[in-house]
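Just so it is clear, the structure is predicted and the values come from calculations on it, not from any experiment. Atoms considered below: every heavy atom in the structure, side chains included; atoms not considered: hydrogens, waters and symmetry mates.
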Amino acid sequence: MDTRFLGIADLVEAPSVAVVVDVMRAFTVAAWAFAQGAEKIVLAESLDEALALKDRHPDWVAVKDGPSAPGFDTVNSPGLLRSVDLGGRTVVQKTTAGTVGALAVKEASLVLCAGFVVAEATAQLLRARKSESVTFVVTGEDGQADEDLACAQYIARRAADAGTDAADFLRRAAESRAAGELAEGVRQGVHPDDVALCLELDRFPFAMVATLEGSLMVLRPHTAPEPAARQGPRPAGIVAH
């Protein structure tokens with residue numbers, strides 16, 4: 001598998017397969033939203049679009065980066081979101097980097113959104129698709145965020161070699177600038193458990209696939225079918241494709 005690791009600004013054409021990585025915290029939050037029962041996540045272009053969607057659909061849950069703001073239901077924090085019941089709800093998410101990265105590759109034939117919490121499921125899907133070329137979009141810090149790059153490199157390695165160990169990649173993420181800023185309270189809208197939750201490897205058994213549905217980029221969970229004898233209850237909001 002030929003792999004490239006690019007920042008958002010480095011994308012000059014739509015890749016065939018894109019894995020958009022935002023560890024701290026957009027796609028950790030997205031994974032928690034699905035685990036809490038969300039049906040889908042609409043990735044908004046702007047805060048104004050997120051609020052407009054919320055106005056048209058009052059039952060949708062609007063999420064943003066930073067401190068709380070009028071019109072938004074909660075902020076982009078896995079520690080805060082994990083206590084919210086999202087059963088059957090639609091979430092509208094707008095973040096500084098993750099949602100921007102996903103929208104930048106919306107024309108790709110396959111768009112996966114990922115963090116460490118869904119790393120193995122993402123790698124498994126890449127292996128199953130047998131894609132010849134995959135572009136990993138490193139969303140943070142203009143493509144230089146080490147937590148995102150470490151996660152992207154780990155998923156790429158796991159897709160090629162299922163025996164790859166995560167320890168060094170998780171260490172890099174734990175020592176990243178983003179982890180430090182979250183831990184030190186430099187960023188707003190933060191829960192004390194956010195860093196640990198973002199570094200929880202393979203917490204969830206699903207990958208996350210973003211597709212254009214009309215004019216909207218919509219993220220949904222994707223769980224590979226299990227053999228009939230092993231199938232068991234699946235967390236609310238998660239469907240097999």
Between [Y] and [X], does any NZ, NE, NH1 or NH2 come within less than 4.0 Å of an OD or OE carboxylate oxygen?
{"X": "Glu120", "Y": "Arg203", "answer": "no"}
{"X": "Arg25", "Y": "Glu147", "answer": "no"}
{"X": "Asp73", "Y": "Lys54", "answer": "yes"}

Nearest 0.5 Å please: distance from the [atom1] atom of [X] over to the [atom2] atom of [Y].
{"X": "Leu11", "Y": "Leu6", "atom1": "CG", "atom2": "CG", "result": "5.5 Å"}
{"X": "Leu216", "Y": "Leu43", "atom1": "CG", "atom2": "CG", "result": "9.5 Å"}
{"X": "Phe136", "Y": "Thr3", "atom1": "CZ", "atom2": "OG1", "result": "6.5 Å"}
{"X": "Leu182", "Y": "Asp194", "atom1": "CG", "atom2": "CG", "result": "6.0 Å"}

For the residue pair Thr96 / Asp65, report whether a side-chain donor-acceptor contact shorter than 3.5 Å exists.
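A donor-acceptor contact under 3.5 Å links the two side chains.
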
Gln124 versus Arg158, side-chain donor and acceptor atoms under 3.5 Å:
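Short answer, no.
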
Shortest non-hydrogen contact from Met217 toward Ala102:
CE-O, 3.7 Å

Which donor-acceptor pairs under 3.5 Å do the side chains of residues 79-89 make with protein atoms, sequence neighbours left out?
| from | atom 1 | to | atom 2 | distance (Å) |
| --- | --- | --- | --- | --- |
| Arg82 | NE | Gly79 | O | 3.2 |
| Arg82 | NH2 | Asp193 | OD2 | 2.4 |
| Ser83 | OG | Leu80 | O | 3.1 |
| Asp85 | OD1 | Gly87 | N | 3.0 |
| Arg89 | NE | Asp59 | O | 2.8 |
| Arg89 | NH2 | Asp59 | O | 2.8 |

With a 6.0 Å cut-off (strictly less than), is the heavy-atom count around CZ of Arg177, excluding the residue itself, greater than 12?
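It does not: Arg177 CZ has 12 such atoms or fewer within range.
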
Heavy-atom distance under 4.5 Å between the side chains of Phe34 and Ile41, does that happen here?
yes

Residues in ring-ring contact (aromatic ring centres under 6.0 Å, His included) contact with Phe204, at least two apart in sequence or another chain:
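Expected list: Trp32, Phe206.
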
The side chain to side chain contact (heavy atoms under 4.5 Å, CB included) partner of Val138 among Val20, Asp22, Asp148, Val21 is Asp148

